[in-house]
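Reading through the structure tokens given below for one structure.
All figures in this text were calculated on a predicted structure; none of them were measured in a lab. Letters A, B, ... mirror the listed sequences (proteins, then strands); counts begin at 1.
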4 protein chains.
Amino acid sequence: MEETARMNDKRPIRQKRDPEATRRALLAAAIAEFADKGLAGSRVDEIAHRAGVNKQLVYHHFGNKDDLFRAALEQVYGEIRAREQSLNLADLPAVAAMERLVGFSFDHLAEHPELVALLNDENRHEARHVKSSPQIQAMHSPLVRMIDETLARGARDGVFRTDMDPINVYISIAGLAYFFFANNHTLSAIFDTNLDTAREVSRRRRHVIDFVLSALQPREVGPSPN
Amino acid sequence: MEETARMNDKRPIRQKRDPEATRRALLAAAIAEFADKGLAGSRVDEIAHRAGVNKQLVYHHFGNKDDLFRAALEQVYGEIRAREQSLNLADLPAVAAMERLVGFSFDHLAEHPELVALLNDENRHEARHVKSSPQIQAMHSPLVRMIDETLARGARDGVFRTDMDPINVYISIAGLAYFFFANNHTLSAIFDTNLDTAREVSRRRRHVIDFVLSALQPREVGPSPN
Amino acid sequence: MEETARMNDKRPIRQKRDPEATRRALLAAAIAEFADKGLAGSRVDEIAHRAGVNKQLVYHHFGNKDDLFRAALEQVYGEIRAREQSLNLADLPAVAAMERLVGFSFDHLAEHPELVALLNDENRHEARHVKSSPQIQAMHSPLVRMIDETLARGARDGVFRTDMDPINVYISIAGLAYFFFANNHTLSAIFDTNLDTAREVSRRRRHVIDFVLSALQPREVGPSPN
Amino acid sequence: MEETARMNDKRPIRQKRDPEATRRALLAAAIAEFADKGLAGSRVDEIAHRAGVNKQLVYHHFGNKDDLFRAALEQVYGEIRAREQSLNLADLPAVAAMERLVGFSFDHLAEHPELVALLNDENRHEARHVKSSPQIQAMHSPLVRMIDETLARGARDGVFRTDMDPINVYISIAGLAYFFFANNHTLSAIFDTNLDTAREVSRRRRHVIDFVLSALQPREVGPSPN
DNA sequence: GATGAATGAGACTTCATTCAT
DNA sequence: AATGAATGAAGTCTCATTCAT
């Protein structure tokens, strides 16, 4: 990818000014660089280089490094939220719906390590960029509603417990996948194994789905949740 | 936080020559700075300043920034692993032991946000420092053994499922707490609430303990784990 | 010398944007500074200052200090080799040709103390920069050929000995001048005289030409040169 | 040599304070380090390390880095001048005496690359340390006298020319060897050969002796020197 | 819109030297 | 005599951003 970009450098074809393509290239390069190095560790120079364009265009199109980071967040947040909407959970029985949601959440993180990486950094900066992005703020209410509806449906059908808070359930679903991917390297190191293999990812996926569905099951007698 | 540190600056209490105290002060300052800004975003200058010592002493005592980061990781990893050993889970019934472990894991992260922050960064660097630290490598086998024994005891007593992998269980326990703390700011922002309050932390704690113990319960008929 | 350079600083003549001039100014300043202080003793800051430009432009135009040193070597090597080619030795009788070559070699070192100084340093670094410069590697074969042809012509004409290796002859020609200039200060000090005067330089020049031509003369009975 | 020093590090035997041995070790280490890196490039820390002693002892025994450099020069100058005195040239016929002197000069440089390296640096600093060392100043008059006597004897015996200045002859003798060793790396690089082999050193040695003796021979008709 | 040159600020690190023991 | 800790100054290099074309 980078090599291609470098080779295309100076190619007369691209001389045709295509601002939209330039913008897209910069955004993709930014997401990759920010995911690799973090906000502080990323270099505007390197982002421009990855995109195959002049550094000044970063400023032309995005303003500055922080604004570019916000744009990157909007992009990756937008993707996951859009795909979640396409799951059509309402068309499925509650258990199947929940299984689909958990599976999707896991798979999306597996396929999009940049999401994990960007969120890590954004939290280090106290969600500064998210808070200043109306676009991101707007895209999250459907998610809570979706989980709430699924939980309610499952409760009505007698397959889910009735006392579950949708936000905490979402955090648990996300956390069970997120921690595995976010901390894959340290976990592999301290447990002296390699968790970054297809086999281990697949085992983890089954564990997470099983874990969530088990936890949501109604119980005869459970330990009092304090 | 930083202001406090700066105010202690030049405090007359500091003895003339106490290399061990200098080392400790630098390490504490490093943990705080790395947690705040990450490895790339941290400034050696600022670390020395927080410790109230000359910048060059960082190099005298620790070698360089990376070595200092490794020392910081060894410190925070050492603390959590040492405290886990003091839980004496073997003295408790399996369910109570598991509850204690989950509660401790949650509380430790609540009280030690620097652990979360350092691990995030360490993973960005592919666990480079952990891998080069024999000290860290050595401290983790007791943890897996502890979980494994608790799970086995619970299974023997009929209170836990029998098919749980201890490493995956550990990752779930840690992940349920970790994600909440690591992503507290973005979660608060996107869900338009404040999850950084005593009330919400406490709710989350109950949820996590409940979630784990429910998931570990033996089931009459469970959903097929895919 | 340095003072002069500093006084030219900020001269209004310098055009606003002339990258080629900037490059040239930096290169000239680098040659002067490296000659004065050596590679290790030179300061990038001072080079930029001498060139009347911003320090960062060194990195912009040359990469780093070592690359700049290599560029300086390429420059000074290029000059002497180019001028040697202009001597047109082939147009002269062998003895006159040799006299011209020896005289030129002496004069060039006299006029270019920076060449002596840079070569000293380059040898300290085991010719690291020369070895990594294809440009320098390429410019030396004509030199050996030129000496070889002159020696052969002289031998054919009966005015030169027939057993002389051109590389050793070149090293002798260069060495007789080089040592005088390279060690002028210590020689002046230990012999309690001043060898850095026009008179002494001129005496040395005659001595060297005489020495070389005498040594090259065919002999009735000489010590067997093995 | 360096390895040995490092391995002896921490040896309990040396605990016995032996200031004279410490001084010698530091001086030897300094000569090696200055030869390797030059005055500017050498590190006091590294010299102490090579000597297996604490850095502060450099200051204790020698004052500072410059004084140490002067001591190093005194040492290497002292050695060559002392050995020259032992040549007993007066006991030999003029030609044999000259051959012995040239051979010795060549061999000494071959065996003492540190002399070449230190002189290079000393000249860069305009013989500052030599000039401030009465010890070095004092040791050079016998050398000129020695050469002058040998030349005079050879002239009297009809085997040497009569018009040779002893200082210029000394500079030629030294220069023919010095340049070969001082510039061995760059010469090897530009002539695309390896002049740092026993074979090439030996060839050069013969060339130099031959060259000097030929040049000193009386001539029937020589080219007019100038 | 697009580019390479230029810059002010500052980052990490080094180093000769001095201090306290 | 000998040591490790400590420091002020400075050195190489980086980087987000702006300028001139």
Practice task
Strictly below 4.0 Å, heavy-atom distances to any atom of DNA chain F: list the hits from residues 118-131 of chain D, or just say none.
Solution key: none

Exercise for the section: Mind checking salt bridge (Lys or Arg N to Asp or Glu O under 4.0 Å) for A:Lys55 and listing every partner two or more places apart, or none if nothing turns up? Expected result: A:Asp45

Exercise for the section: Check every atom of E:dT3, F:dA6, E:dA16 against the side chain of A:Leu57 and return the nucleotide holding the closest atom. Expected result: E:dT3

Handout entry: A:Thr22 side chain near E:dA2 phosphate (N/O to OP1/OP2, under 4.0 Å)
Key = yes

Handout entry: Short side-chain N/O contact to F:dA5 OP1/OP2 from B:His60, under 4.0 Å
Key = yes

Handout entry: Contacts of A:Gln135 that satisfy side-chain contact (heavy atoms from CB on, under 4.5 Å) - sequence neighbours left out
Key = A:Glu74, A:Ser133, A:Met139

Practice task
Could you list the residues that satisfy side-chain hydrogen bond (donor to acceptor under 3.5 Å, both in side chains) with D:Glu33, not counting sequence neighbours?
Solution key: D:Lys37, D:Arg50

Completion exercise
Sequence neighbours excluded, the answer for ring pair (Phe, Tyr, Trp, His ring centres under 6.0 Å) partners of D:Tyr77 is D:His140

Practice task
Could you check D:Asn54 against A:Ser42 and say which one's nearest nucleotide on DNA chain F is further toward the 5' end?
Solution key: D:Asn54

Practice task
For B:His61, check side-chain contact (heavy atoms from CB on, under 4.5 Å) against everything at least two apart and list the hits.
Solution key: B:Pro19, B:Thr22, B:Arg23, B:Leu26, B:Leu57

Practice task
Report the residues that fulfil side-chain hydrogen bond (donor to acceptor under 3.5 Å, both in side chains) with A:Asn120, sequence neighbours left out, ordered by chain and then residue number.
Solution key: A:Tyr178, B:Asn120

Problem - Partner residues of B:Ala35 under the side-chain contact (heavy atoms from CB on, under 4.5 Å) criterion, sequence neighbours left out - result: B:Glu114, B:Ala117

Completion exercise
In this structure, CG of D:Asp66 is separated from NE2 of D:His129 (nearest 0.5 Å) by 3.5 Å

Fill in the blank from the handout: Here the residues of residues 63-73 of chain D within 4.0 Å heavy-atom distance, strictly under, of DNA chain E are D:Asn64, D:Lys65

Practice task
Report the nucleotide, chosen from E:dC15, F:dC13, E:dT3, that has the shortest atom-to-atom distance to any side-chain atom of D:Arg43.
Solution key: E:dC15

Problem - Nearest listed nucleotide, side chain of B:Tyr59, among E:dT13, E:dA5, F:dT12 - result: E:dT13

Practice task
Taking only the side-chain heavy atoms of D:Gln56 (C-beta and beyond), determine which of E:dA2, E:dC19, F:dT12 contains the nearest atom.
Solution key: E:dC19

Fill in the blank from the handout: Sequence neighbours excluded, the answer for side-chain contact (heavy atoms from CB on, under 4.5 Å) partners of C:Gln75 is C:Leu27, C:Ile31, C:Glu79

Fill in the blank from the handout: Closest to the 5' end of DNA chain E, once C:His61 and B:Lys55 are matched to their nearest nucleotides, is C:His61

Handout entry: Nucleotide-level pairing of DNA chain E, given in dot-bracket where Watson-Crick and G-U pairs need both distances under 3.5 Å and | marks other strands
Key = .||||||||||||||||||||

Practice task
With sequence neighbours left out, write down each residue that passes side-chain hydrogen bond (donor to acceptor under 3.5 Å, both in side chains) with D:Asp67, or none if nothing qualifies.
Solution key: D:Arg70

